[in-house]
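Reading through the structure tokens given below for one structure.
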Amino acid sequence: QVQLVESGGGLVQPGGSLRLSCVASGNFFSINAMGWYRQAPGKQRELVAAITSSGIPNYADSVKGRFTISRDNAKNTVYLQMNSLTPEDTAVYFCNADRVVTTTGSTKYNVWGQGTQVTVSS
């Protein structure tokens, strides 16, 4: 079984910063790309940023220049540094692993964390 656990969300004022973390645990050999998605009330879940196993990032246009995704493969952790936050960034942020190879030889696709709330408000 593979689990993703996010942390670091909270309430921040406009212009502030937050750093989200997502730790993968369980019995697995490798994780392919990992990413952060968000879902605001009444809206569809959208990709915020993703990073390949070799560290190549990809960002949504709305967060380019403000957010930075990184990962530490030794710690099975992916981070999202969020700067210059605006109220439009308010959402539940979810961590995703697109493909996980487990120690039993099976492959798990689209593993999700439980989400962490980010609220940007004065």
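Just so we're clear, the structure is a prediction, and the values are computed from it rather than from any experiment. Values below: all heavy atoms of this structure, side chains included; hydrogens, waters and symmetry mates excluded.
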Worksheet item: Would the Phe67 and Trp36 ring centres measure less than 6.0 Å apart?
Response: no
Worksheet item: Counting distance only, does the side-chain N/O of Arg66 pair as donor-acceptor with the main-chain N or O of Ser84 below 3.5 Å?
Response: yes
Worksheet item: Where the side chain of Asp72 meets the backbone of Lys75, is there a donor-acceptor pair that is under 3.5 Å apart?
Response: yes
Discussion item. What verdict does the side-chain hydrogen bond (donor to acceptor under 3.5 Å, both in side chains) test give for Ser121 and Thr119, after you've listed the backbone C-alpha separation in whole Å, the side-chain angles of each residue and the deciding distance to 0.1 Å?
Written reply: CA-CA 6 Å; Ser121 175; Thr119 302; over 6 Å; no
To check you understand the geometry: which heavy-atom pair defines the closest contact between [X] and [Y], and what is its length?
| X | Y | value |
| --- | --- | --- |
| Gln114 | Val5 | OE1-CA, 3.8 Å |
| Cys22 | Leu4 | SG-CB, 3.9 Å |
| Ala24 | Ile31 | CB-CD1, 3.6 Å |
| Ser122 | Pro14 | N-CD, 3.7 Å |
| Ile69 | Pro57 | CG2-CB, 3.7 Å |
| Cys95 | Met34 | SG-CE, 4.1 Å |

Item to complete: Could you tell me whether Arg19 sits above the aromatic face of Tyr79, with NZ or CZ closer than 6.0 angstrom to the six-membered ring centre and within 45 degrees of the axis?
Response: yes
Worksheet item: On the ring face of Phe94, is Arg38 found with NZ or CZ under 6.0 Å from the centre and within 45° of the axis?
Response: no
Side-chain touch [X]/[Y], heavy atoms, less than 4.5 angstrom:
| X | Y | answer |
| --- | --- | --- |
| Leu20 | Val118 | yes |
| Val100 | Tyr109 | no |
| Leu47 | Asn96 | no |

Got a second to check how far [X]'s [atom1] is from [Y]'s [atom2], nearest 0.5 Å?
| X | Y | atom1 | atom2 | answer |
| --- | --- | --- | --- | --- |
| Glu6 | Tyr93 | CD | OH | 12.5 Å |
| Leu11 | Thr90 | CG | OG1 | 8.5 Å |
| Arg71 | Thr77 | CZ | OG1 | 10.0 Å |
| Gln1 | Asn27 | CD | CG | 9.5 Å |
| Phe29 | Thr102 | CZ | OG1 | 8.0 Å |
| Ser21 | Gln81 | OG | CD | 9.5 Å |

Worksheet item: Between Ser54 and Thr52, do the side chains contain an N or O donor and an N or O acceptor separated by less than 3.5 Å?
Response: yes
Practice prompt. Would you check if there is a donor-acceptor pair between the side chains of Asn110 and Asp98 at a distance under 3.5 Å?
Written response: no
Practice prompt. Apply side-chain hydrogen bond (donor to acceptor under 3.5 Å, both in side chains) to the pair Ser17 and Asn83, showing each step before the final yes or no.
Written response: CA-CA 4 Å; Ser17 298; Asn83 299 327; 2.9 Å; yes
Discussion item. Using the rule that Ile, Leu, Val, Met, Phe, Trp and Tyr join whenever any side-chain heavy atoms are under 4.5 Å apart, tell me whether Val92 and Val63 fall into a single cluster.
Written reply: no
Practice prompt. Indicate, with yes or no, if Ile51 and Val2 share a hydrophobic cluster defined by side-chain heavy-atom contacts under 4.5 Å among Ile, Leu, Val, Met, Phe, Trp and Tyr.
Written response: yes
Worksheet entry | From Leu85, Leu80, Thr116, residue fulfilling side-chain contact (heavy atoms from CB on, under 4.5 Å) relative to Leu18 | Leu85
